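Shown next, in C-alpha cells, is the structure this report addresses.
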Amino acid sequence: MYHVIKGLVLTESQCWDPDSERSYQDLFDKLDTNKDGKVDVAELRAGITAMGMSFRRGAAQKIVSSGDENKDGGLDFNEFNNYLKEHEKKLRLTFKSLDKNNDGRLPYHILLHKAQVILGGGITGDTNMDIDGTMMVDWNEWRDHFLFNPAHNLNEIIRYWKHSSVLDIGESIAIPDEFTEEEKTSGGWWKQLAAGAMAGAVSRTGTAPLDRVKVFMQVHSSKSNRVTLLGGFKQMIKEGGVASLWRGNGVNVLKIAPETAIKFMAYEQYKKLLTPEGGKVQTHQRFMAGSLAGATAQSSIYPMEVMKTRLTLGKTGQYNGMFDCAKKILRKEGIKAFYKGYTPNMIGIIPYAGIDLAVYESLKNAWLSRYAKDTANPGILVLLGCGTISSTCGQLASYPLALLRTRMQAQATLEASDKSTMTGLMKGIMANEGFFGLYRGILPNFMKVIPAVSLSYVVYEYMKTGLGISK
C-alpha cells in the first residue's frame with residue numbers, strides 16, 4: 001500500500017512523510033473527488049479501494065464517524081488531518097509494544113498471530129503487508145497497512161490505564177475498566193478482577209478507622225454536637241477499645257467479590273445492548289453502561305451496605321456479627337429496612353461515575369497526547385495521580401447524596417425527630433447547618449484516598465505477579 005499511496009498521491013520528487021501536512025493535504029485532495037472540501041464515506045471507500053487496499057466492512061463509516069467532529073457527515077481537511085495523526089500515534093504505540101527487541105521490525109508469522117487480537121482484526125494469512133518480501137514487517141509497512149483501517153482496540157492504552165479495578169477508595173460505583181480481547185479470550189480478566197478484589201480488601205482494612213470516623217461524623221455531627229476527627233477517634237476507642245475502629249469492616253470487605261462480579265458481567269451485557277454490532281464503544285455509551293451496571297450491582301448487594309452502616313455505628317455488644325445484625329433488623333424493622341437510603345444511593349451513582357470517568361479520560365488523553373512516545377505506560381505516579389484526582393472530583397459531586405444515604409440507613413439509631421425522607425433530610429440539614437452540613441465527615445474521607453489508592457495499587461501488583469499475569 002505504501003507504494004500505491006506514494007504513486008497515486010505524490011510526485012516523483014516527493015516522499016511520503018506522515019508528519020507533513022502537505023502529504024495529508026495531497027491525499028485529501030485526491031480523495032475529495034467532487035471538490036466540495038469534504039471527504040464523505042463514499043469518496044473514502046472509493047479512493048482507498050482505488051489505491052489497492054481492501055476495506056473491512058463498515059471501515060469507511062467508522063473512520064468518518066470517528067473523525068467527524070461537527071457531525072456533518074464528512075471530514076474536512078482539519079478533521080481528516082487530526083484523525084490520521086491521532087490514529088498513527090496509536091498505531092506506533094501498538095507497534096512498539098510488539099517490537100520486543102526494539103529493532104524496528106516484526107516477524108511476519110508472529111504478527112499474524114498476535115495482531116489479530118491486539119488490533120481487533122484486519123490481518124489474515126493472505127494479507128500483503130510484507131511488501132519487500134523479507135518476512136519482516138517494518139514501521140512503514142505496518143503504518144501503511146493500518147492507516148485507513150479503524151483498528152480501535154489498542155491494547156497498550158487499555159492495558160496500562162485501568163483504574164477502577166486497580167485503585168480502591170472504598171466506593172464501588174466507578175465505571176468498570178475495559179479489558180482487551182486478548183485478556184478476555186485468555187481468561188486474564190478474572191485474574192485481574194480477583195487481584196483487584198484482594199487489593200480492595202487490604203485497602204479497605206487499612207483505612208477502616210478513617211471510614212468509621214467518617215460515618216460517625218456523617219450521622220452524629222451537627223452544629224449543636226460537633227464531632228471532630230480526633231474527638232471521634234477518642235470517643236470510639238473509649239467506648240470499644242482500639243479494635244472497635246474496625247467495626248463494620250468485615251461486611252465491607254465481603255461485599256467486594258459479589259459486587260465486582262455482578263458489575264463486570266452486567267457492564268458487558270449493557271455494552272452489547274447499547275453499542276451497534278462491531279462498533280466502537282463511545283465514552284457516553286461507557287458511561288451509560290457503567291452507570292446501569294453499577295445500579296444493578298448496588299441493588300443486588302444493598303442490604304450489605306445497610307448492615308455495614310449499622311455495624312459501624314453499633315455499640316459494643318449490640319450486634320454479634322453480620323448475621324445477628326441482619327436478624328435484628330429484619331425482626332424489628334422488616335424487609336424494607338434493608339433498602340433504606342436506596343434512592344440517594346442510586347442517584348449518587350450518576351454524578352460520581354460521570355465525573356470520575358470524564359476527569360480520568362481527560363487526564364489520560366492529555367498525557368497520551370503530550371508524553372506518549374514509545375509506550376502508553378504512564379508509570380505508577382501518573383496512574384495514581386490521575387486516579388486520585390478523578391475519584392476526589394467524583395466524591396465532591398456525590399458526597400451530599402452519600403451523606404443522606406448513610407443517615408437514612410442509620411435511622412433506627414437516631415432520635416424519632418431525625419427520621420425523614422431524602423428531601424426532608426436535605427431540607428433539615430440545609431435549614432439547621434447550611435450547605436456545608438451536607439459535607440460532614442468529608443475530611444476523613446479525603447484523608448483515606450491517598451493511602452487507599454497506594455495500598456490497593458501495591459497489593460494489586462503483588463497479586464498480579466502471584467497469579468501469573470504480571471507483564
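For reference, positions follow the sequence shown, starting with 1. Only a predicted model underlies this, so the values are computations on that prediction, with no experimental measurement involved.
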Rounded to the nearest 0.5 Å, how far does OG1 of T260 lie from CD of Q192? 13.0 Å
Decide whether Q285 and Y270 meet the rule of one side-chain donor and one side-chain acceptor closer than 3.5 Å. no
Between L31 and E43, the two heavy atoms sitting closest are O-CB, 3.5 Å
For V64 and E79: C-alpha separation, side-chain torsions, deciding distance, then whether side-chain contact (heavy atoms from CB on, under 4.5 Å) applies. CA-CA 9 Å; V64 172; E79 293 170 334; over 6 Å; no
Should the ring pair Y302 and Y339 be called parallel, tilted or perpendicular, given that the plane angle runs from 0 to 90° and is split at 30 and 60? parallel
Return the minimal non-hydrogen interatomic distance between A194 and L467, and the atom names on each side. CB-CD1, 4.4 Å
Would L292 and F287 satisfy side-chain contact (heavy atoms from CB on, under 4.5 Å), going step by step from the backbone distance to the final call? CA-CA 8 Å; L292 289 170; F287 168 64; over 6 Å; no
For residues S456 and S203, report the shortest heavy-atom separation together with the two atoms involved. CB-CB, 3.9 Å
Report the residue from D72, D76, D68 that forms a salt bridge (Lys or Arg N to Asp or Glu O under 4.0 Å) with K38. D72
Mind checking whether R212 and L313 have side chains closer than 4.5 Å, heavy atoms only? no
Give the minimum heavy-atom separation between P209 and W246, together with the two atoms involved. CG-CZ2, 3.6 Å
Is a donor on one side and an acceptor on the other found under 3.5 Å between the side chain of K328 and the backbone of Q318? yes
Could you tell me whether the side chain of S291 and the main chain of M288 form a donor-acceptor pair under 3.5 Å? no
So E259 and S300, do their side chains get closer than 4.5 Å, heavy atoms only? no
Least distance between heavy atoms, S299 atom then A295 atom: OG-O, 2.7 Å
Evaluation steps, side-chain contact (heavy atoms from CB on, under 4.5 Å), between L425 and Q411: CA-CA 11 Å; L425 271 175; Q411 279 184 349; 4.3 Å; yes
Is E361 paired with R286 through a side-chain N to carboxylate O contact shorter than 4.0 Å? yes
Return the minimal non-hydrogen interatomic distance between V453 and L384, and the atom names on each side. O-CD2, 3.8 Å
No-hydrogen, no-angle side-chain donor-acceptor test under 3.5 Å, E239 and S244: no
NZ of K308 to OG1 of T312, rounded to nearest 0.5 Å, is 5.0 Å
When you look at NZ of K332, are more than 12 heavy atoms from neighbouring residues, nucleotides or ligands closer to it than 6.0 Å? no
Hey, could you give me each pair passing side-chain hydrogen bond (donor to acceptor under 3.5 Å, both in side chains) that has a residue in residues 427-437? Not counting sequence neighbours. E433-R440
Do Q218 and Y399 get their side chains close enough for a donor-acceptor pair, meaning under 3.5 Å? yes
Output, in order, the C-alpha distance, side-chain angles, deciding distance and verdict of side-chain contact (heavy atoms from CB on, under 4.5 Å) for R407 and I429. CA-CA 11 Å; R407 287 203 178 183; I429 293 170; 3.6 Å; yes
With heavy-atom distances below 4.5 Å as the criterion, would you say the side chains of L363 and W367 are in contact? no
Please answer whether the main-chain N or O of G424 pairs with a side-chain N or O of T421 as donor and acceptor at a distance below 3.5 Å. yes
Checking the side chain of Y360 only, and the main-chain atoms of I389 only, is there a donor and an acceptor separated by less than 3.5 Å? no
With side chains defined as the heavy atoms from C-beta onward, is the minimum distance between L396 and F446 less than 4.5 Å? yes
Nearest-0.5 Å distance that lies between atom CG in L254 and atom CD1 in I301: 11.5 Å
Can you tell me if R247 uses its side chain to pair, donor with acceptor, with the backbone of L311 under 3.5 Å? no
Hey, could you give me the NZ/CG distance between K214 and L403, rounded to the nearest 0.5 Å? 9.5 Å
Are there over 12 heavy-atom neighbours, none belonging to I450, within less than 6.0 Å of that residue's CD1? no
So does M463 have more than 12 non-hydrogen atoms from other groups sitting under 6.0 Å from CE? yes
Any salt bridge linking E333 with R310? Criterion: basic side-chain nitrogen under 4.0 Å from a carboxylate oxygen. yes
Y342-F338 aromatic ring centre distance below 6.0 Å: no
Are side-chain N/O atoms of N345 and E305 paired as donor and acceptor at under 3.5 Å? no
Could you tell me whether N70 atom CG has more than 12 heavy atoms of other residues or ligands within 6.0 Å of it? yes
Could you state the interatomic distance from OH (Y83) to CD1 (I63), rounded to the nearest 0.5 Å? 4.5 Å
Roughly how far, to the nearest 0.5 Å, is the CD1 atom of I442 from the CD atom of Q395? 7.0 Å
Y352 side-chain N/O to C393 backbone N/O, donor-acceptor pair under 3.5 Å: no
Partner residues of A402 under the side chain to side chain contact (heavy atoms under 4.5 Å, CB included) criterion, sequence neighbours left out: R405
Residue among N252, D211, N249 satisfying side chain to side chain donor-acceptor pair (under 3.5 Å) with T205: N249
